**Q** 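Before I ask anything, let me first share the structure, which is written out below as structure tokens.
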Number of protein chains: 2
Amino acid sequence: MGKHCQWRERLQKKGYRLTIPREVIIEVLRNSTSHLSAEDIYMELHKKYPAIGLTTIYRTLELLVQMKIIVKFDFGDRRSRYELSEKYGMKKHHHHLICSQCTKIIDYTDFINEELELIEKTEKRLMKKYNFSITSHVISFTGICLECKKDQT
Amino acid sequence: MGKHCQWRERLQKKGYRLTIPREVIIEVLRNSTSHLSAEDIYMELHKKYPAIGLTTIYRTLELLVQMKIIVKFDFGDRRSRYELSEKYGMKKHHHHLICSQCTKIIDYTDFINEELELIEKTEKRLMKKYNFSITSHVISFTGICLECKKDQT
DNA sequence: ATTGGCAGTGACAATCATTCTCAATTCTTT
DNA sequence: AAAGAATTGAGAATGATTGTCACTGCCAAT
Ligand SMILES: [Mn+2]
Ligand SMILES: [Mn+2]
Ligand SMILES: [Zn+2]
Ligand SMILES: [Zn+2]
């Protein structure tokens, strides 16, 4: 229950079928807390569904991105990573802290109010000034995480 | 004059040599207003310096990134793109507007004061809370640019 | 000025995520 | 059941990036 089920209707309304691969790929994304790559998903599924091929994973992810059911990220490790979008998953909108040493990624959602207000204000200003319809934003901070700091003697 | 020349000393201090490819690659980046890929740079150089190979471009870019003389970006078109970093180029720190239709990228530098203050404040808060040394941030807004909006009837 | 060592280089091969192709399978609708 | 469309998987192809290796040029010590 809740909106996290509506992706099915959304697909069907556009004439797409509900298939096992689509079901299971979304399920994997829902049950994961991290940012999965196509291959991560493939390996996770392969245990229970050895028939599902990597090509299908890629195709499905592409479709889901296009339908805005999931979001595609590029964290600089040369492979795309995916998250359920806020609307269809349980995760709240968040920003990222990326460790440039170990590539670990911390999601943070505990914005202060000013932060949200300012982003909104900035988006409005930019839309007007550049005649640009903003649909989403990505904010990430890069640096060195605690563990990596310790490691470097 | 100005700090934009100090990259030479920076390289030499670390024992790296000043070579033609390094000189020219930085020159190309300096003279460009857009975000160049390795191949963009290669093609630009190839006219005047046909002897410089693509491999060298990649190697040099990697070195320059590591020395923080340039910055590597991932805009989602599956190739890395590079900019002189604020310290060594003339470009001011900026954020990005990315058109998801035509992949055009607008740099904007006209922050409002609140924007800069809030980023600083947020960085401080995150560093403390997550024990994370933040060295840089990337902020980009994705959407549809004016031209693309017109095109879609 | 030679020599030895090592940074720097370019051609080419290898890698690896992603996309393409195509024949086979499954749904949906008659 | 049959037609037509959507979906699929295997394997080939693609394309950006990285690795290899023999070669070149620079510099310091002789
Ligand atoms: Mn995330
Ligand atoms: Mn830029
Ligand atoms: Zn780390
Ligand atoms: Zn556009």
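A note on names: the letters A, B, ... follow the listed sequences, proteins ahead of strands, and every chain is numbered from 1. Hydrogens, waters and symmetry mates play no part in the numbers below; they use all other heavy atoms, side chains included. The shown structure was predicted, so the numbers you read here are calculated from the model rather than taken from an experiment.
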**Q** For Asp40(A) and dC16(C), give me the distance from atom CG to atom C1', rounded to whole Å.
**A** 15 Å

**Q** Who are the salt bridge (Lys or Arg N to Asp or Glu O under 4.0 Å) partners of Glu83(A), not counting sequence neighbours?
**A** none

**Q** Tell me, which pairs form a side-chain hydrogen bond (donor to acceptor under 3.5 Å, both in side chains) where one or both residues lie in residues 58-74 of chain A, sequence neighbours left out?
**A** none

**Q** Hydrophobic cluster mates of Leu146(A), side-chain heavy atoms under 4.5 angstrom, ILVMFWY only, any path?
**A** none

**Q** Output the residues of residues 16-23 of chain A in contact with DNA chain D, where contact means a heavy atom of the residue under 4.0 Å from an atom of the strand; sort by number or write none.
**A** Tyr16(A), Arg17(A), Thr19(A), Pro21(A), Arg22(A)

**Q** What is the distance from CG of Leu63(B) to P of dG8(C), rounded to the nearest Å?
**A** 7 Å

**Q** I need the full list of salt bridge (Lys or Arg N to Asp or Glu O under 4.0 Å) pairs touching residues 5-19 of chain B, with sequence neighbours left out, sorted by first then second residue.
**A** Arg8(B)-Glu23(B)

**Q** Under the salt bridge (Lys or Arg N to Asp or Glu O under 4.0 Å) test, which residues partner Arg81(A), sequence neighbours left out?
**A** Asp40(A), Asp77(A)

**Q** Specify the separation, in whole Å, of atom CD1 of Ile57(A) and atom C1' of dT19(C).
**A** 15 Å

**Q** Whole angstroms only, please: what is the CG-P distance between Leu11(A) and dA6(D)?
**A** 14 Å

**Q** List the protein contact pattern of nucleotides 11-20 of chain D with one symbol per nucleotide (5' to 3'): B for base contact, S for sugar-phosphate-only contact, - for none; contact means a heavy-atom distance under 4.0 Å.
**A** B----SBBBB

**Q** Filter on salt bridge (Lys or Arg N to Asp or Glu O under 4.0 Å), then keep only pairs touching residues 120-146 of chain A, sequence neighbours left out; what's left?
**A** Lys121(A)-Glu114(B), Arg125(A)-Asp110(B), Arg125(A)-Glu115(B), Lys129(A)-Asp110(B)

**Q** Donor-acceptor pairs are to be reported for all side-chain atoms of residues 96-106 of chain B against protein atoms at under 3.5 Å, with residues two or more places apart or in another chain.
**A**
from: His96(B); atom 1: NE2; to: His35(B); atom 2: NE2; distance (Å): 3.2
from: His96(B); atom 1: NE2; to: His94(B); atom 2: NE2; distance (Å): 3.2
from: His96(B); atom 1: NE2; to: Asp107(B); atom 2: OD1; distance (Å): 3.1
from: Ser100(B); atom 1: OG; to: Gly143(B); atom 2: O; distance (Å): 3.2
from: Gln101(B); atom 1: OE1; to: Gln152(B); atom 2: NE2; distance (Å): 3.0
from: Lys104(B); atom 1: NZ; to: Glu147(B); atom 2: OE1; distance (Å): 2.8

**Q** Whole angstroms only, please: what is the OH-P distance between Tyr42(A) and dA17(C)?
**A** 13 Å

**Q** What's the verdict on ring pair (Phe, Tyr, Trp, His ring centres under 6.0 Å) for Phe111(B) and His95(B), showing C-alpha distance, side-chain angles and the deciding distance?
**A** CA-CA 9 Å; Phe111(B) 308 113; His95(B) 297 164; 4.5 Å; yes

